[in-house]
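Throughout, a chain's letter reflects where its sequence line sits, starting with A, and its residues are numbered from 1.
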Amino acid sequence: MSKTAIVPTRAENFPEWYQQVIKSADLAENSDVRGCMIIKPWGWGIWENMQRQLDAMFKATGHVNAYFPLFIPLSFLEKEAEHVEGFAKECAVVTHHRLEAKDGKLVPAGELNEPLVVRPTSETIIGAAYARWVRSYRDLPVLINQWANVVRWEMRPRLFLRTAEFLWQEGHTAHETKEEALEETRKMLGVYEKFAREHLALPVFTGAKSESERFPGAVDTLCIEAMVQDRKAIQAGTSHFLGQNFSRASGIEFATRDGGREFAWTTSWGVSTRLIGTLIMAHSDDDGLVLPPRVAPSQIVILPVLTKPELREAVLRAAEELAAELRMQTAFGESVRVEIDRRDIGGGTKNWEWIKKGVPLRVEIGPRDIEKGAVALSRRDRSTKDKEFPTRTEFVASAGALLESIQNGLLARATAFRDEHTKLIDSADDFRAFFTPKNEAKPEIHGGFALAHWDGTAETEEKIKEELKVTVRCIPDGGDDTPGVCPFSGRPSARRVIFAKSY
RNA sequence: CGGGCUGUGGCUCAGCUUGGUAGAGCGCUGCGUUCGGGACGCAGAGGCCGUGGGUUCAAAUCCCACCAGCCCGACCA
């Protein structure tokens, strides 16, 4: 048995492995406020890349950015009945606006006339603004996105996957017609799917949520659903068709082309820092984080071999020169991101730190390499022992292609994994067997996505959830839509849906 | 919000049963030897033992209360 950098391994204890990967890669940590995390530079670097790349895709589809307030008047939240019900239990509420010293302590003072809710999402406050901005069909569509933090007071937080405060983007659009709004909802789901696949190397299923999993207040919730290495599903992004529910609640009304009045058709769509958690669980291994090059804060780290003091200067200079040449190369249409680790610590320790951080390419350069005009190259998608020795020139010329091949390799691997654990299931017994671990005391990784028929009722869904903790993750687009029989109720089923345990 | 467990240097923990001068490993700092796969030696810094009260000549240790965290449940787009 070989030693792994992460203890325990994925097979031994997946949730604990996940925490250790984050810690070892120095991505984030829990803060002094329960449920809130500190995102450290390496983790933030990933988010910055996601933001930059997604933002470009939003702009390319005609959206602009704006910013709406963190605080929402309580009365706004009350406007949409289902919305209230969905979020009321997890809202942080601001009731005072001042602190006064009393017995050496600070106590809240200056009670607000109307409490303010820290946004759990922004439909209501953005709706109120749109109601003022939209007068005529000529004012439509409104295509706005905002990058923001939101707060949902979660009982059981987990770094990146579910935190009380998290970062996201929320797009909010208003349209003249139902068809246009539906098209927008679809279009943005497509953007998410493409981003997940091409940038995060995550194959995802797209589809619609069942009634019970729908966004509170939405007519329809579309989602991208990913599978991670413990074979559970994770909702990685959602796009909602809100119909006229929110425009009616907020009064987004416009004069139609024929002189009538109508409520606008709205959508909203978002992805969050949860994508980072998804990324970690999808690609990382027992030696730590594995990053798709496209979102890696640094794609190549140069590790100068600093042995003899008299050679130090020369080695560092060679490292600088190599870095400069690499930065002139491109991968994915951007210039290659390179950093040099100049720290004077043990070479082995340093190397392992970068393995755990998941940097795609590690390049050692020392006196012997300089002499031979070579570098020692290691890829994060290969064994940690593998080392190649291309010439320096070869390496520089191939750097971009190497990164792209790592990116493609990760996607291929994740796709194979997902396909291997996606099964057509037709009987209730097979379904139970699929989702039941062999060792109840210490459940092993089991299950996956079950493509099974479902009668479409919330009762059947609830029954399955009770028994197996398995839910309908999505009613997938495309694929097999032949009718069948629901194995749980015997009633007719319009088509197969994806069942899985989920995050 | 229920049930269980845990709070001791930066981190992981021992010490508590049976009260008597605060411990280890890792990490950190300095010096030296090392260095192409997780180095070693020596010297050092660093702690109101979660908080408050009680018992006692004496409390990390016993008792009570509170606070915080973790796990399990409930809850969760």
Side-chain angles (χ1 to χ4, degrees), chain A residues 2-7 13 15-16 19-20 23-24 26 29-35 82-83 85-91 120-121 123 150-158 161-164 166 168 170 208-225 233-242 268-272 274 287-288 303-309 311-312 315 343-356 362-372 374-378 383-387 389 465-466 469 471-474 502-503:
Chain A
S2 66
K3 191 181 162 191
T4 58
I6 303 296
V7 179
N13 184 344
E16 182 59 24
Q19 311 254 52
Q20 292 305 322
K23 193 173 169 186
S24 305
D26 211 24
E29 63 188 37
N30 281 313
S31 74
D32 298 318
V33 181
R34 180 183 153 79
E82 284 183 35
H83 197 61
E85 204 179 318
F87 288 110
K89 279 171 286 187
E90 50 188 52
C91 284
T121 181
E123 274 74 8
V150 286
V151 169
R152 296 178 190 177
W153 214 260
E154 298 290 351
M155 291 314 222
R156 291 185 68 171
R158 292 187 68 189
L161 297 176
R162 179 172 289 120
T163 47
F166 58 92
W168 76 347
E170 45 180 329
K209 282 292 182 189
S210 65
E211 165 82 45
S212 62
E213 300 272 331
R214 202 172 284 160
F215 176 77
V219 173
D220 229 334
T221 288
L222 306 183
C223 63
I224 55 171
E225 205 74 20
I234 182 162
Q235 177 176 299
T238 46
S239 184
H240 315 290
F241 170 62
L242 304 174
S268 68
W269 28 273
V271 295
S272 72
R274 180 178 243 208
D287 286 322
L303 306 170
V305 180
L306 303 170
T307 50
K308 302 187 176 57
L311 296 173
R312 209 189 145 84
V315 171
R343 290 174 306 161
D344 200 357
I345 57 174
T349 306
K350 201 192 267 191
N351 191 39
W352 276 102
E353 277 191 24
W354 288 103
I355 291 170
K356 289 184 282 191
R362 307 186 300 282
V363 185
E364 289 171 56
I365 181 163
R368 299 211 300 261
D369 306 301
I370 296 173
E371 231 169 84
K372 287 184 289 191
V375 296
L377 175 70
S378 310
S383 156
T384 54
K385 293 192 196 91
D386 267 11
K387 216 186 255 190
F389 300 91
K465 186 179 174 183
E466 284 279 306
K469 295 193 170 165
T471 49
V472 175
R473 297 323 304 158
C474 82
S502 74
Y503 277 94

Whole-angstrom distance between [N] and [M], as gauged at atom [atom1]:
| N | M | atom1 | result |
| --- | --- | --- | --- |
| B:rA68 | B:rU21 | P | 34 Å |
| B:rG23 | B:rC48 | P | 15 Å |
| B:rA60 | B:rA14 | C1' | 12 Å |
| B:rU61 | B:rU18 | C1' | 10 Å |
| B:rG54 | B:rC71 | P | 36 Å |
| B:rG47 | B:rA24 | P | 15 Å |
| B:rC28 | B:rC64 | C1' | 40 Å |
| B:rC63 | B:rU55 | C1' | 7 Å |

Requiring both pairing distances under 3.5 angstrom, list the stems that contain RNA chain B and are made of three or more consecutive Watson-Crick or G-U pairs.
B:1-7 with B:67-73, B:10-13 with B:23-26, B:28-33 with B:39-44, B:50-54 with B:62-66
Write down the distance between [atom1] ([X]) and [atom2] ([N]), rounded to a whole number of angstrom.
| X | N | atom1 | atom2 | result |
| --- | --- | --- | --- | --- |
| A:Phe166 | B:rC76 | CZ | C1' | 11 Å |
| A:Asp26 | B:rC11 | CG | P | 15 Å |
| A:Ile234 | B:rC76 | CD1 | C1' | 13 Å |
| A:Trp153 | B:rC1 | CH2 | C1' | 16 Å |
| A:Glu371 | B:rG36 | CD | P | 17 Å |
| A:Lys465 | B:rC75 | NZ | C1' | 9 Å |
| A:Lys89 | B:rC1 | NZ | C1' | 13 Å |
| A:Lys385 | B:rG36 | NZ | C1' | 16 Å |

Gap separating the [atom1] atom of [X] from the [atom2] atom of [Y], nearest 0.5 angstrom:
| X | Y | atom1 | atom2 | value |
| --- | --- | --- | --- | --- |
| A:Ser378 | A:Trp354 | OG | CH2 | 14.0 Å |
| A:Ile6 | A:Gln19 | CD1 | CD | 12.0 Å |
| A:Tyr503 | A:Arg473 | OH | CZ | 12.5 Å |
| A:Thr238 | A:Trp168 | OG1 | CH2 | 7.0 Å |
| A:Ile234 | A:Leu161 | CD1 | CG | 5.0 Å |

So, does A:His83 use its side chain to make a donor-acceptor pair with the main chain of A:Gly217 at under 3.5 Å?
no
Side chain of A:Asp220, backbone of A:Phe241: donor and acceptor closer than 3.5 Å?
no
Results of salt bridge (charged side-chain N to carboxylate O under 4.0 Å, His left out) for A:Asp386 - residues two or more places apart only
none
Suppose we screen for salt bridge (charged side-chain N to carboxylate O under 4.0 Å, His left out). Which residues come up paired with A:Glu170, at least two apart in sequence or across chains?
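Expected list: none.
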Electrostatic pair [X]-[Y], nearest N-O below 4.0 angstrom:
| X | Y | value |
| --- | --- | --- |
| A:Arg34 | A:Glu154 | no |
| A:Arg368 | A:Glu371 | no |
| A:Asp344 | A:Arg312 | yes |
| A:Arg362 | A:Glu353 | no |

What nitrogen or oxygen pairs link the protein and nucleotides 67-74 of chain B at under 3.5 Å?
from   : atom 1 : to       : atom 2 : distance (Å)
B:rC70 : OP2    : A:Arg34  : NH1    : 2.4
B:rC72 : OP2    : A:Arg156 : NH2    : 2.1

A:Val363 vs A:Leu303, test: side chain to side chain contact (heavy atoms under 4.5 Å, CB included). Steps then yes/no.
CA-CA 6 Å; A:Val363 185; A:Leu303 306 170; over 6 Å; no
Have a look at A:Glu364 and say if it touches a base, only the backbone sugar-phosphate, or nothing, with a 4.0 Å heavy-atom cut-off.
base
NA contact type, A:Pro120, heavy-atom cut-off 4.0 Å: base, sugar-phosphate, or nothing?
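Contact class for A:Pro120: base.
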Got a list of protein N/O to nucleotides 38-40 of chain B N/O distances below 3.5 Å?
from   : atom 1 : to       : atom 2 : distance (Å)
B:rG38 : O3'    : A:Thr349 : OG1    : 3.3
B:rG38 : N7     : A:Lys3   : NZ     : 3.3
B:rG38 : N2     : A:Lys356 : NZ     : 2.8
B:rA39 : OP1    : A:Thr349 : OG1    : 3.2

Could you check A:Val375 against A:Phe87 and say which one's nearest nucleotide on RNA chain B is further toward the 5' end?
A:Val375
5' priority, RNA chain B, between A:Arg162 and A:Asp386 [closest heavy atom]
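Nearer the 5' end of the strand: A:Asp386.
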Going by distance alone, is a donor N or O of one side chain under 3.5 Å from an acceptor N or O of the other, for A:His240 and A:Thr221?
yes
Kindly indicate whether the side chain of A:Asn351 and the base of B:rG36 share any N or O donor-acceptor pair separated by less than 3.5 Å?
no
Produce a footprint string for nucleotides 24-33 of chain B: one letter per nucleotide, 5' end first; B if the base is under 4.0 Å from any protein heavy atom, S if only the sugar-phosphate is, - if neither.
----------
